[in-house]
Amino acid sequence: MSDHDDQTLALSRRAMLRLGLLTVASTTAGPSVFAPGAAAQTTKLGASLIGKLEGAEVITDPARFPKTFKEAPALAELVKAGKLPPVQERIGRDPLVVKPLREIGKYGGTWRRGFTGPFDTSNGHRAAQNDKLLYWDYTGTRIVPNIARDWKVSPDGKVTTLWLRRAMRWSDGAPFTADDFVFWYQDMYLNQELIPVPLTVMTINGTPISLEKVDDTTIRFFAPEPYHALPIVLASVWGIGHHARFGREGLGGFAPAHYLKQFHPKYASKEDMAKKLAELKFETWVTLFKNRNDACRNPDLPVVTPWKTVSPITSPTWILERNPYSVWVDTDGNQLPYIDRIRMTLGENLEVINLRAVAGEYDSQARHIDISKLPVLLENQPKGRYRVYLDPSDQGADVGLFCNQSFDKDPEIARWLGTREFRIALSHGVDRRQINETFVLGLGQTGSAAPGERTLYFPGPEYKALHTAYDVKRANEMLDKLGLTRKDSDGYRLRTDGGGRLRLSLTTYVGFLPFTQIAEMIVEQWKRIGVRGEVQEMERGLATARVQANEHQIYFETQWGADNMHGHFPLIFPANSINPLGPLYGVWYASAGAKGKTPPPRMRELMDKYRKSFGVKDAERIRLAKDVWKIALDELWLIPVVSNSPASQGVRVIKTNMGNIPSRLWNSAVSDNPHIAHTETWFFKS
C-alpha cells in the first residue's frame, strides 16, 4: 500500500469518527463569533484535500503558437478516406492554443459522468460545451480569448469590437462568420415572438445596445452609454454563447444561420414549415425553432464546442463526441480534445449518483456529489481508484435565508421582513457552528455572505463577520426593543396586530445542499428567541413559481455567482423577477422603473451604484462593487448560514488515471467548473 493510500485511510477514519460526533447538538446560548483571519473553519481533513488553485493557460503570443498540427487517429483515418479536410483546414487560421496544466496528453477514451435528466443541461455545458466569446483564466481575475480571438473597448466605453477566428467552422464544416451573429440579432433576438423579453445584458441603464457586422470576422456592439463591463459579461455565466446556458432559449448571441433558417418563417415557406411542425410534432414555429436550437436535445444542430451531442439529453445515456472542427489545440499542435467522448448515464436520484461515485463508476464528477458522503468517498478511494479534491466556493453563502423584501400578502409579516433590526435578530439566533458541523463537515465559514478574500470585490475584513455572531441574549433584546414582547404559553412571540402567534414560512426545495434539514434545525434554534418558523419543502419548479408570484416569505437558496457580480445576476439584491430577495423590486430594477414596485431608499442606493458600475472603468467599477457589497451585508436582506464551502459542486471525484487535473478549481457559477480547467486538455494516462 502506498503512502497516499495510508494517508487516505487515516483521513477517512478521522472523518468517520468526526461524522459520528456530528449528531451531538450544540447547547451554547452565548456569543459565538467568526474567528478573524480564519479564511475557513476547515478541519485537518478538509485542509489536506484543498490544493493550490491552478489550471491550463490560453496562449495569446503568436510567437508561441505551434507551426504544424496533428489530430486524433480516428479523424486522421477519415481524412485519409477523403471524408474530412486536413486538420489545418478544419482548425482555421487562428486556432485557440492552450498550454495543458502538466503535460501533453494522449488521445482516446470515454469520460463517464452522471446526470439527472432532461433538465440537467448545465451538466454538459459545465463539463464540455463552453462556447462563450470570451472566458476567464483559472483564477477568475483575468479575461482571456475564447471563441473570439481578441476584443477592444473604445475609450468612451460605447463600442466593443470583437475579432472572430478566421476560417473557423461549425461542427458540420460550414463557415462560422459574423453573419451568424447578424442572423441571431436581427432574426432571433429582435423577433418578439421568439424573444418576448429582452436580454438584460443587451442593455445599459435600461437602454438597448445593438450589434453590427463590420466584416466576415469582425462584429461590434454599440451602446448608447458607456458599457466598459461588457467584456466581463461576455466572459461570464450570462454571457453570449450559442450553447452557453441560454442558447436553447434563443439568447445565445450567435447561431448557425445555414441550419436554422429552415425552421424560421422568414426563410422557410408556409408549406415547409407546416411539414416540419407535423413531422416533429410541435404546435408553433417558436417551440420548434427553440428545440432545433438546443444543443443538448438536437444532435443535428451544428456547434462550435470541443464536443457535440450525438445521443440527446432526453435519452437514458447522454453522449457527446469530439467535434472534428474544434479550434482548440495544445502547444504541440495537437487538436483538442484528447478524450474521444463523454458518456453521461441517468441517475434516477441523487443517491444513485453518489453511490456510483463511491463505487468508482465515474471518471470525473462533482455536480450532484453530496458533501455528507465525503467520509465514505475517502474510505473507498483505493478500491474505486479515484481521488477526492475539495474546491471551496468564493461566491458567498452556500446556504442563505432570502428574506422577501417585496412580500405583501400579510402586512404584519411584510413589516418585520422589511425591518433591518428584525433580520439581524434572526441572524443572531442562528447557531452556524452547529449547522456547519452537521451538514458541511465543518468545511464552511460561519461568518457573513461576503465573497472570498481573494476575489476582486471582497469588501474588507470588517465585513467578514458582520451581524453573524450567535448571541441568543442579544437577539432577544433586539426583538423586545422592536415591541415583540408578548408571548404565548409556549414562549413564542405574538403578532402586534392581535393575529396570534408570529409565524415565518421558510420555503425550501431539493437542491445541492439539504436545505430542508438545515431549515428544520434553524426552526429549532429560533425557539430560543421565541420565533416560530414553519418549513415548506416544494419541488424546485413550484418553489420558483412561488417566488415569481411574490408569495414566499423566506426562501432557501445558494448565493450563486456573487464572487463576480458583473458576470452573474448578483443574489445580494433583487435584480429580476425570480430573485427571492424581492421579486417586485427585481421587476422594477430590470425594467428601469417602468414596472414592479419601487424599492426603499437604501436598496435604490445600492441598485444605482450597481447599475453605474457597468459603465465605468475597472478601478471605479471595483470600488462601486465593494460599496454594493457593504450595503447588502449591512442590510442583511440575505441572512447567511454557511458560506464559501465546497458543498456546492466542490467535492470532485476523479479517477487516478486522468491527467492534467488541477489540485483545486475556481468553484463558482461564473467559472462553469470544471470547464474552467479546460477539460479539452484532460486525458487518460492508461
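We number each residue from 1, following the sequence as shown. Since we're looking at a predicted model, the values are computed, not measured. Values below: every heavy atom of this structure, side chains too, minus hydrogens, waters and symmetry copies.
Rounding to the nearest 0.5 angstrom, the gap separating the CZ atom in Arg664 from the CG atom in Leu53 is 5.5 Å. A distance of 12.0 Å separates OG1 of Thr217 from CE of Met168, quoted to the nearest 0.5 Å. Here OG1 of Thr305 is found 8.0 Å from NZ of Lys308. Values are rounded to the nearest 0.5 Å.
The backbone N or O of Ser648 sits less than 3.5 Å from a side-chain atom of Asn667, completing a donor-acceptor pair. Remark: side-chain polar atoms of His368 are not paired, donor with acceptor, to backbone N or O of Phe115 under 3.5 angstrom. Looking only at distances, no side-chain donor or acceptor of Glu212 sits under 3.5 Å from a matching main-chain atom of Val214. Listed for the Arg149 side chain is a donor-acceptor partner under 3.5 Å among the backbone atoms of Leu164. A donor-acceptor contact shorter than 3.5 Å links the side chain of Ser326 to the backbone of Leu336. No donor-acceptor pair closer than 3.5 Å links the side chain of Asn205 to the backbone N or O of Thr207. Side-chain atoms of Arg165 come within 3.5 Å of backbone N or O of Asp94 as a donor-acceptor pair.
Tyr362 does not carry Arg112 over the face of its six-membered ring by the limits of under 6.0 Å from the centre and within 45° of the normal.
The two residues Pro302 and Pro256 have their closest heavy-atom pair at O-CG, 3.9 Å. Across every non-hydrogen atom of Arg322 and Trp307, the tightest pair is N-CD1, 3.5 Å. In this structure, Phe402 and Pro580 approach most closely via the heavy-atom pair CD2-CG, 3.6 Å. Nearest heavy-atom pair, Ala592 versus Arg611, reported as atom, atom and distance to 0.1 Å: CA-NH2, 4.2 Å. For the pair Phe458 and Gly452, the tightest heavy-atom approach, listed with the atom from each and the gap, is CB-O, 3.6 Å. Nearest heavy atoms, Pro574 versus Met607: O-CE, 3.2 Å.
Between Phe181 and Phe176, the angle of the ring planes goes over 60°, which puts this pair in the perpendicular group of the 30/60° scheme. Ring pair Trp111/Trp682 is tilted by interplanar angle, where 30° to 60° counts as tilted. Using cut-offs of 30° and 60° for the angle between ring planes, the Phe183 and Tyr267 rings count as tilted.
Contact check on Lys99 versus Asp330 returns no salt bridge, with no Lys/Arg side-chain nitrogen under 4.0 Å from an Asp/Glu carboxylate oxygen.
With Asp294 as the partner, the side chain to side chain donor-acceptor pair (under 3.5 Å) test is satisfied by one option alone out of Arg297, Lys290, Arg292: Arg297. The only option from Thr681, Val87, Ile104 that meets the side-chain contact (heavy atoms from CB on, under 4.5 Å) definition with Asn334 turns out to be Ile104.
A side-chain donor from one of Asn130 and Asn146 sits under 3.5 Å from a side-chain acceptor of the other.
Contact check for Ile91 versus Arg169: no side-chain heavy atoms found under the 4.5 Å cut-off.
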For this session: Mind running side-chain hydrogen bond (donor to acceptor under 3.5 Å, both in side chains) on Asp187 and His264 for me, showing each step along the way?
Result: CA-CA 8 Å; Asp187 297 322; His264 198 297; 5.0 Å; no

For this session: Assess whether salt bridge (Lys or Arg N to Asp or Glu O under 4.0 Å) is satisfied between Glu57 and Arg64, documenting all intermediate values.
Result: CA-CA 12 Å; Glu57 176 190 1; Arg64 298 174 63 188; 3.7 Å; yes

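More than 12 non-hydrogen atoms from other residues, nucleotides or ligands lie less than 6.0 angstrom from CZ of Arg166.
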